[in-house]
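First the structure, in the form of structure tokens, and then the observations on it.
Letters A, B, ... mirror the listed sequences (proteins, then strands); counts begin at 1.
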Amino acid sequence: MSSPMSTPGGKRGRPSNPSTRKFYIRHRCNSIGLAINSISVDMSSPLMYGTPSSRVDGTPRSGARGTPARQRPDLGSVRKSKQVDLQSEPSAADGAAAAEQPAGQRLVIWGTDVNVATCKEKFQRFLQRFIDPSSKEDENSCLDLNEPLYMQKLEEISIVGDPVLNINCGHVSSFDAELYRQLVCYPQEVIPTFDMAVNELFFERFPDSILEHQIQVRPYNALKTRNMRSLNPEDIDQLITISGMVIRTSQLIPEMQEAFFQCAVCAFSARVEVDRGRIAEPAVCRNCNTTHSLALIHNRSMFSDKQMVKIQESPEDMPAGQTPHTTVVYAHNDLVDKVQPGDRINITGIYRAVPMRVNPRQSNVKSVYKTHIDVIHFRKTDEKRLHGQDDENEQRLFTEARVQTLRELAAKPDVYDRLSSALAPSIYEHEDIKKGILLQLFGGTRKDFSQTGRGNFRAEVNILLCGDPGTSKSQLLQYVFNLVPRGQYTSGKGSSAVGLTAYIMKDPETRQTVLQTGALVLSDNGICCIDEFDKMSDSTRSVLHEVMEQQTLSIAKAGIICQLNARTSILAAANPVESQWNPKKTTIENIQLPHTLLSRFDLIFLMLDPQDEAYDRKLAHHLVSLYYQSEEQLEEENLDMAVLKDFIAYARSYIQPKLSEEAGQALIEAYVEMRKVGSGRGMVSAYPRQLESLIRLAEAHAKVRFSDKVETIDVEEAKRLHREALKQSATDPRTGFVDISILTTGMSATARKRKEEITAALKKMLQSRTKTPVMKFQQLFDDLRGQSETAITKDQFEEALKALCDEDYLTISGKTIRLAT
Amino acid sequence: MPSTNDWINNPLGVVEEMFGKIQVETLPHDSYNTVPSLNDVPLHYLKPNSLVKFRCLIQDMFDPEFYMGAYDTVDPSTKAKVLRCGKYKDVTECGVDLDSANMVTSERQTFYCVPIPGESPWVKEISSCARVVPSTSYVPSRQKRSYEDDDEDDMDTQPQAQGTPAAAEAQGNGDSKRQETEAPSGQKASSPPLDLNFPLPGEKGPACLVKVYADWDSFKLNDTMEVYGILSVSPALSALSDQSDTSSSLILDPAECMETAEELRVHSPPASLVPRLHLIHTQRLAHNNPLLPPAALEDTLASTLGEMVSVRAELLAYFTQLLLGDVLAAEYLLLHLISNVYARRDVIPLGKFTLNLSGCPATAGPAYTEQLYCALQQLVPSAYRLSMTLQNMNQLRLVPRKDYVANRLLSGALQLAANTSLYLDETQLEQGQLDPAGVRNITALGNVISWQKVDYDFNYHQMEFPSNINVLIASEGRSLLPSDCHVHLQPQVTPPNMEAYLGSALTAQSSSQLNKFRLYLTMARTLDYSISEEVTKAVEDDFVDMRKDDPQSISADDLHSLLGVARLLCLSLGQSALSTDAWSRAKHIETLRKSRSEPQGCLNGNEP
């Protein structure tokens, strides 16, 4: 009797089209009388409660006046494997699929242990009583946390009129574990019960509100499954939540829910519900008894929207060396077109498996099932990154045991040294650099001063490595890139400003303008490794200014003006201009980077070939040992990397240290001390930026210890590391003193002093010979050199000339110098 | 206990028998050699549902599928229910009771496997000679079945097939069967071509969907293995794809409309082209050299270890001849061929040894580099020559890319098995412009050389897969790609006719001699290696001394490469520990090589 239907024309069943509306009216009585949306449930469903299949018109009686129920194809679309034969199971037929338990007169839905009344009652109690004072979710931000959460949401529904109630399964689980278990195990039965409960409650409270359709409950965040790879046959027909990335979405598919037949002879019409993808075409007209006279009328049939979405495992969840899995997901009704390819989402839905038929006309089936997920709830995981203001809600799950090991590790007194030596073990020495990078991986505490007008304080630590080629800078960068989940690796040579930031693209198909993000935005909350920093063009480097201090990227092109978050730490590596590091020059002179950029790095390290015998020996030993270590030893180290990864992830998401009183005092002292050092020699040796760096480093060090408080030892280490880095990079080669102004102004204080001296000497010399207002460049240079007791370079001479020129004391034209009169 | 013969001819029967008892489907060990191989027996000579083996590489991993692990069938006449086992089958028996409580849903994983890319002809030849001839009795019946069932629409194959019963009987004759395999593949072009997704262009051979029932997490992409499994070529599988192409009558069934036509074509290709193999036993291959069977490794090792020094000398002489009398280059070539990434320390691959052989005589045109490749191909089990012409660089797909429409990994030339020799012919590169694709290709080659990894393109993100490819770059000047070691060729002889000279050098080697070389190269690669305390000390002292004299002369990187060369030198001599002799020899040849490349650096421009 059942014959497969052909594709329904091109007609799309948007909820707004007339056929659908008709349907709503027609069903009012039916659904309200029973207060459940029975249409969505096929015959096998236990919720039928003996609903008469014929539709008797009646007047709406109570409660949800005028509010139509809406089908939920996400719940009841396909169910083949577990159907009940109504004839052969008398207990099911009687009392509508509810079986009587011998013990205590309890009715449960067939095949489950769900008692509808109890379940409803429990859920209503949950709605009325559940309070979560510690809620951190952004969507609850404007709600009163001490009032029942979901009652406030119902109120919101009555005002806004969007009849969807999202329920966090975590809440259900903490409120009533049994209810949660039932929800996860029998979503198809329990969710309609929830719907029923919520609607009763809602219309009791807000009897006058008008909704488009009855409220639908959408649970999310079921803790059942996290990873697509761990789905297995036991999860079939259960409520699951998985995370993944959308890779493809299909066109909208109109799916027939109910067919409309009309008799060609007497125009009698009949409606047939689609049952498991099939329509039982009536062979005989009940009115005139003509056989095969009924024809399908497409535009009076009922369709619902459906969309196929393919999701793929997120790259972080995958074991190495395997390809990502994909899963087919069906979105129904208003969930259609909610997600787009490229979105990272969490999906809550019911996992289904359907057997495949080899041939519709053959009875043997292919022994393989097709699996898919009927979506109930989508949650975009990367959405927040655009809105900002999140507290790193990565939701990385750590098992208790793992947390225990991590805590044990953190409690060890030498945890800092242990971790830094576990970092890139194949790279020898450079202990301080590794420590610096370790602190960078942890980062400081994010602070918000937007109320006082200062905006966000940068919490990320930026590090620049410079030094001789072949000192494994690139290896270090590669290692860091492999260690952090959201790392990006670019080379200064190959990247443009656009590639780093973001660009606007016109999608050739949709003609939509799309914002494509570059490496800096992609590494938001991660680390952006930039190799060959010195090879970068100036225009490219200039975009880094904003990123490195404000942590945002402003874009104004193609009619899109926006500010994207780029809270990324930058780990850059630069080579000296003259292939070998020249110890006689300052850092700036060696790498030729603008000091405005350099001052934004918290730590600048030099990686030099130390050329000392003991070092050489240890280095040789280290390298030789690389070549014969056995597999097991290597295995152990890999384990270390995994521990390190988890350690960092845990500390980043759970530890937010604050400055203690003593630590604050220590920081002040340290800063004052730094300022004092320079003031004796007439130069500034520290700026507020250095203080901020110190704070960040101290916070990061506290994170390493899993401590909620920054203490003096943290400040001590921050000070030490900061000093080490300065000693390497900001030592004035002429005097041997550490001079911060090399980094902040590009010139050491002594160099500036020297420049002033030369200028003065030159001016004095010129004043003494006012008779000749015009003189040759070379001659003047020689004269000045003869007069001075210290050597003067041509550069210095030119600089002095320029300074005098700026004073309007003289003018330079070509090779002649003319005194201004 | 089922006999070997039962296993080969009726494996499903054996499984069915074991079903319900303790589930141990183990293959008797002695049967490995008697199983016919899909690599060298054309598909239509193999009996369906028989046990076959296949030497292959995992090219792609499909999604796991759920199948009926056990189910009830109902006899329509008697209404009797029988419990059946669904393992190792694609199609169920008639009359499945879908509502039975006995139904067990199980999970299995599908891998798309292709023959090992770039497998040298000699490997194929030797392994097909070694195989046991399948008994002829079932051959004709399979042949008939095949054409009746799957190829009803392809009437033109029928005459071909009927024309060859004689060939079918002459089982030992490999040639006639080769023709047979090529016949369907040639004809395949006329029907809508099904891209079998081989990594290298111009490859032939069957691709296979391998269904894995246990422990699939241990398999990795690009693993090479020999699989033993039950061949399934049920026409019903291909009927499915025909159906969905033509009829849209099933659209209402949600199972049918979730895949695009491309996806269906890729995931359920006709079984006559891509047979299914239900895995029973896997043997991981450390190498695909048929001369060194894994079982006999220990014995062969012991017997040939002594010979290694003499074989090495012969091989060195042969290489010297090929490299126009350059002994140093010959030595480095030998070291290159036995290199192998044996470990990774965080991001650094250890043991890689990319050789850049510059100064290849350009006057002789492509002939020289081409013939050198031919000579190498005769020695290594798998090799591929990538001629780096501008066109190739701009157009070839080197890096595998995920095709989301068909939901598969489109293969690229860098998807190679471990220890494949990749021969880059840079002499072919001419002046011109690289487009973005070309730049990406060059970067990908650079990544393989420096980090031994390939970043597969998954459109929304990239995924890193480790590789273990021996890259040899032949160029005129120093290559534009990085390399671990650069040797400039200094020809000692200038034969008037290069082609004839090399040709004679090639043909001069007897096949037994070649086999000795092949065995040697694979053996040297598998040896263990260690450094004793004393030698470590000596090396340290040496390094410190060298640095003392002149810190610029040797850096940490130099020590790295020196240690690498020393390791390979030891292995090439069959020694498993570093000796001071080998260390000084390594230093010696490195000095020679450097002295050669330094002046060469400035001369490069003036070189002919």
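By number of non-hydrogen pairs under 4.5 angstrom with chain A, the leading residue of B/Asp541, B/Asp60, B/Leu409, B/Asn222 is B/Asp541. Taking B/Ile58, B/Asp217, B/Val539 one by one and counting their heavy-atom pairs under 4.5 Å with chain A, the maximum is reached by B/Asp217.
Side-chain atoms of B/Gln452 do not come within 3.5 Å of backbone N or O of B/Pro466 as any donor-acceptor pair. The main-chain N or O of B/Phe458 is found under 3.5 Å from a side-chain atom of B/Tyr404 such that the two form a donor-acceptor pair.
If you measure heavy-atom distances from B/Phe66 to chain A, the contacts under 4.5 Å come from both the backbone and the side chain. Looking at A/Val329, there are no atoms closer than 4.5 Å to chain B (heavy atoms on both sides), in backbone or side chain. Contacts of B/Lys211 with chain A are absent, with no heavy-atom separation under 4.5 Å from either backbone or side chain. Interface remark: A/Ser250 contributes no atoms to any contact with chain B (heavy atom separation under 4.5 Å). B/Phe465 touches chain A through its side chain: at least one heavy atom from C-beta onward sits under 4.5 Å away, while N, CA, C and O do not.
At least one side-chain heavy atom of B/Trp583 sits less than 4.5 Å from a side-chain heavy atom of B/Leu563.
Between B/Met61 and B/Leu221, the shortest heavy-atom distance links the atoms CE-N, 3.7 Å.
Not a single salt bridge (Lys or Arg N to Asp or Glu O under 4.0 Å) links B/Asp457 to another residue, sequence neighbours left out. With sequence neighbours left out, the side chain to side chain contact (heavy atoms under 4.5 Å, CB included) criterion links B/Ser106 to B/Tyr67, B/Val104.
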